[in-house]
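Structure, as structure tokens:
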Amino acid sequence: MKWIVSHGDTDGICSAALALSAFKDASIYFSHPVGLAEDLAHVEGDVVICDIALSGSVYGQVVRELKRIAQGGKRILYIDHHPLPEVFDAKEFPAELVHATSSCAAELTFTRLMKETPRQMPDDMSRVAIFGAIGDYLDKTYEIEALLNKWDKRGLYLECGIMIQAIDALGRNHDSKRKVAQFLAAAKTPSSNEWLVNLAIGEALREEAMRKKIKEDVKTVGQIAYVLDMDWSLGKTAVYAKGATGATVGIGGETRRGFIEMSLRSHSDKIEMNKMLPQIVDQLGGTGGGHPKAAGARIPIDKFDTFLRLFNAAITEKTADLNVVY
Ligand SMILES: [Mn+2]
């Protein structure tokens, strides 16, 4: 493999680290669903792509780029756990696809690359698969619980917490995230690295201050709690907005170039945001998708209030008590 293209969150960075431990000379690049086709345009040669959703809106372009890369016998390994778009066609897809929505990308990357011959990835990299799983809240799977049995979880959670907080502190700094992936690929512990420890402690202090600020600033529309422009992790803002209010869905958003970019989080089993969001955001000139309980969206600023109203109506419909009283 010459290239590793991955998502820039914890699961994506862990997946990239796992891929790098198996393909030691590869270069790591970070991408995201909507920008994937553009980023793949620069790729020549074997490539492993991890934790990047195949988005319906750019699916045709992505497949075109994959076909271009595959020409001349280049190898493409596409490892992902986001729901596939409706236009997806397994027969036409020009790559080896490793896909399951129930596991994180790091788990899928680990299990797939342990079967690679010759196997380059050391056993100790199972720890990085666990970090990725916790990062995506997908650590309750059969495979991850089996891997966890080989470690003492009490010490491992410290390592994982250091790494996740450090990654959160890095925001969009891709050069630093690449360094984290390279560090993890060497199977070293985050606690052995002063840079990561200092980043993590700083982020933990910030988290406690932000958690309290979110409690004061949070607004609600029906079953949605939201906070805008906190200048902090959108995902964690969404989690604390939800936690502070008891809302069904939490949103952390920020204003960027005429749009509200947002992360959405829910705990409700009745809600599938990856299916609900596209139906609403399409009519508002936005984009949105992700997982049932953790999603992202982008809405024009002047449509944000309409979005909240429509999305709350959709949530209310899904969570309504359907029992009929006679
Ligand atoms: Mn993921």
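Note that ligands are numbered from 1 as they come in the structure, with each ligand's atoms numbered from 1 the same way.
The distance between the ring centers of Phe307 and Tyr226 does not fall below 6.0 angstrom.
When rounded to 10 degrees, the angle formed at the Mn ion (ligand 1) by OD1 (Asp51) and OD2 (Asp136) equals 170°.
Sorting the N, O or S atoms of Asp11 by how far they are from the Mn ion (ligand 1) puts OD2 first.
Contact annotation: Asp9 places no N, O or S atom under 2.8 Å from the Mn ion (ligand 1). Counting backbone and side-chain atoms alike, His291 contributes no N/O/S atom closer than 2.8 Å to the Mn ion (ligand 1).
Checked by atom type and distance alone, the side chain of Gln283 pairs as donor or acceptor with a backbone atom of Gln279 at under 3.5 Å.
The CG atom of Leu108 sits 12.5 Å away from atom OH of Tyr78, with the distance rounded to the nearest 0.5 Å.
Results of the side chain to side chain contact (heavy atoms under 4.5 Å, CB included) test with Gln223 over Val249, Thr319, Thr245, Ile271 single out Thr319 as the only residue that passes.
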